[in-house]
There are 2 protein chains.
Amino acid sequence: MPGGRPRTFDEEEALERAVEVFWRQGYEGTSITDLTTAMGVNKPSLYSVYGGKADLFRRVIAHYAEHDMAYARAALEEPTALLVVQRFLRDNVAAVTLDDKPNGCLSIQGGLSCSTENQDVAQFLAASRLAGEKVFADRFRLAIEQNDLPADADPDALARFLMVVSEGHAVHAAAGVPREALLQSAAIAEQALKAMTSQPASRA
Amino acid sequence: MPGGRPRTFDEEEALERAVEVFWRQGYEGTSITDLTTAMGVNKPSLYSVYGGKADLFRRVIAHYAEHDMAYARAALEEPTALLVVQRFLRDNVAAVTLDDKPNGCLSIQGGLSCSTENQDVAQFLAASRLAGEKVFADRFRLAIEQNDLPADADPDALARFLMVVSEGHAVHAAAGVPREALLQSAAIAEQALKAMTSQPASRA
DNA sequence: GCAGTTCTTAACCGCTCGGTTCAAAAATTT
DNA sequence: AAATTTTTGAACCGAGCGGTTAAGAACTGC
């Protein structure tokens, strides 16, 4: 029964353009005009299809989490804790230094700190990052059960350190530091975790 | 010969208020009204005394670097590379989780990513962070000369890892993660660097 | 108490912001 | 081809942006 004029844009494709804009400029640094220009979508269509700026941003984050952070979920499926860590760190470095995408990580660049009226954006991003950390902690808890990690290892601390390093790499990548340099840093982090996980653990 | 109506604010004190606003909300998330309100300075005075928003921000960064990052310079004066690392990491964790200041680090929160017209702000901050990294690398080069670090240690990689971890801690702190949790992460990083620096070094 | 100087208050500037309205245009259905 | 449905482009909101201007208030020196 419906007919109507067809869209001049693909909803998913336009969303991916929006991902890149928010990724590069952050939530507050991105204007509706920036979005309509990059997405090839006119203003009324943007509002009818995606909602508003805030709604669009939420969809952007969801799309980013599903596609651009798939490497994190993949890393979690490695058979041992050490392999999880190694793969996550290396793939993370690769993900924040892609040639055809902005440098860094949308989850951080998107809105590390915002104006008072947009604090919810910053809090939402922070909460989702910490949720990711918890998944790693749970994976390390499993590893302890499986005697893959020493019984006295601290899964929360390990996960936290892992996320701290990945966030640091994202910040560094956003500053333009090249992939090879970040891989050196990741290698040091790996050594740390290797030592923490294999030995009977003598935490400071 | 001068006279004139006296100011109702102290220039330095008002600047410190501005530091906190930019720290909490970032460059683009801060409006002139936010600043005048927090600083207790009216608009024309703000412009005549500090210049404009961009000029004020530069003064804010300078004030922050001199006062709130003094711990980094202090750490560099420790006698050994390991002590430099330990003190920097611990004091950095403390600095990003102060009770009477915003959580995190102004150098990152201030503008990790900006709109196209304010890219210079993000680049300026990124460059100053990398300049700090270079100072640590130089310190480690000195340590190698002094046989305080093994000759095959990579001073640039060590400094990079150190800054990566501190940036990660800043991002984590901005998300509200408490000091004790960050200290656990810092302890793991210390272990890493201790291993890298004392052993003959077997980098991956 | 008057001249000169400096700061404050409040209004104002052009501009862009996020968001909406509306008629014209382009497609589908019958 | 007529009727219907949907998107398009452009004009339009009120509000807030960064920044400026002009008049008056508070001080100093004489």
Side-chain angles (χ1 to χ4, degrees), chain A residues 1-15 17-18 21-22 24-61 110-111 113-122 124, chain B residues 1-15 17-18 21-22 24-61 110-111 113-122 124:
Chain A
M1 46 290 277
R5 181 172 176 174
R7 295 187 173 145
T8 60
F9 63 95
D10 177 70
E11 188 170 335
E12 195 75 0
E13 205 170 301
L15 188 64
R17 304 284 188 86
V21 179
F22 278 124
R24 232 172 233 118
Q25 307 182 10
Y27 180 76
E28 295 196 316
T30 299
S31 71
I32 301 291
T33 306
D34 290 335
L35 291 167
T36 54
T37 304
M39 297 168 77
V41 176
N42 49 55
K43 247 199 252 194
S45 292
L46 190 148
Y47 277 86
S48 77
V49 173
Y50 302 98
K53 188 184 178 183
D55 309 84
L56 172 57
F57 186 68
R58 262 172 241 130
R59 287 193 56 173
V60 158
I61 293 294
S113 54
C114 291
S115 65
T116 44
E117 74 210 51
N118 289 322
Q119 292 287 359
D120 54 328
V121 171
F124 167 68
Chain B
M1 49 281 275
R5 184 169 174 171
R7 292 185 175 149
T8 59
F9 62 94
D10 177 70
E11 187 169 337
E12 196 75 0
E13 206 171 300
L15 188 64
R17 304 283 188 87
V21 179
F22 279 124
R24 231 171 233 119
Q25 309 183 8
Y27 180 76
E28 295 195 317
T30 299
S31 72
I32 300 292
T33 306
D34 290 335
L35 292 167
T36 55
T37 303
M39 298 169 75
V41 177
N42 49 59
K43 247 199 256 193
S45 292
L46 191 148
Y47 278 86
S48 79
V49 174
Y50 302 98
K53 188 183 178 183
D55 308 85
L56 172 56
F57 185 68
R58 262 171 243 132
R59 287 193 55 173
V60 159
I61 293 293
S113 55
C114 291
S115 65
T116 43
E117 74 211 51
N118 289 323
Q119 292 287 0
D120 53 330
V121 171
F124 168 68

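The sequence lines fix the lettering, A, B, ..., with proteins before strands; numbering per chain opens at 1. What you see is a predicted model, and the numbers here were worked out from it, not measured in a lab.
- An end-to-end axis angle of 10° holds for the helix from C:dG1-D:dC30 to C:dT30-D:dA1, taken from five base pairs per end and rounded to 10°.
- A cation-pi arrangement, defined by a distance under 6.0 Å to the six-membered ring centre and an angle within 45 degrees of its axis, is absent between B:Lys53 and B:Phe22.
- Contacts of B:Ser115 with the nucleic acid, taken as non-hydrogen atoms under 4.0 Å apart, are absent.
- Taking atom CD on A:Glu28 and atom C1' on D:dC17, their separation rounds to 13 Å, with Å as the unit.
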(message) Before you tell me yes or no, could you show the steps for A:Leu15 and A:Asp10 under side chain to side chain contact (heavy atoms under 4.5 Å, CB included), namely the whole-Å CA-CA distance, both residues' side-chain angles and the distance that decides it to 0.1 Å?
(response) CA-CA 8 Å; A:Leu15 188 64; A:Asp10 177 70; over 6 Å; no
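- One can place NZ of A:Lys53 at 17 Å from C1' of C:dT20, the figure rounded to the nearest angstrom.
- Contact annotation: B:Thr33 side-chain N/O to D:dG16 OP1/OP2 distance is not under 4.0 Å.
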Kindly list each side-chain donor-acceptor pair under 3.5 angstrom involving residues 35-42 of chain B, sequence neighbours excluded, with atom names and distances?
unit_1  : atom_1 : unit_2  : atom_2 : d
B:Thr36 : OG1    : B:Ile32 : O      : 3.3
B:Thr36 : OG1    : B:Thr33 : O      : 3.0
B:Thr37 : OG1    : B:Thr33 : O      : 2.7
B:Asn42 : OD1    : B:Ser45 : N      : 3.1
B:Asn42 : OD1    : B:Ser45 : OG     : 2.7

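- Smallest separation of non-hydrogen atoms from A:Tyr47 and A:Gly52: CE2-CA, 3.7 Å.
- Straight-line distance from the CD1 atom of B:Ile32 to the C1' atom of D:dC17: 9 Å, rounded to whole Å.
- Separating the CZ atom in B:Phe57 from the OG1 atom in B:Thr30 is a distance of 8.5 Å, to the nearest 0.5 Å.
- Rounded to whole Å, atom P of D:dT7 lies 10 Å from atom CD of A:Glu11.
- Put simply, the side chain of B:Tyr50 gets close to the backbone of B:Glu11: a donor and an acceptor are under 3.5 Å apart.
- For A:Ala122 against A:Ser113, the heavy-atom pair with the smallest separation is CB-CA, 4.5 Å.
- Only B:Asn42, B:Pro44, B:Ser45, listed by number, bring a heavy atom of residues 35-48 of chain B to less than 4.0 angstrom from any atom of DNA chain C.
- The two residues A:Gly29 and B:Ser115 have their closest heavy-atom pair at O-CB, 3.0 Å.
- For the pair A:Ala54 and B:Arg7, both in contact range of DNA chain C, the more 5′-proximal nearest nucleotide belongs to B:Arg7.
- Side-chain proximity of B:Ser31 to D:dC17, D:dT6, C:dC7: nearest is D:dC17.
- One finds no side-chain N or O of A:Arg5 lying less than 4.0 angstrom from the OP1 or OP2 phosphate oxygen of D:dT8.
- Taking CD of A:Glu117 as the reference point, atom CD of A:Glu28 lies at 7.0 Å (rounded to 0.5 Å).
- Contact annotation: A:Thr8 reaches the phosphate of D:dT8 (side-chain N/O to OP1 or OP2, under 4.0 Å).
- Remark: P of C:dG19 and OH of A:Tyr50 are 16 Å apart, rounded to the nearest angstrom.
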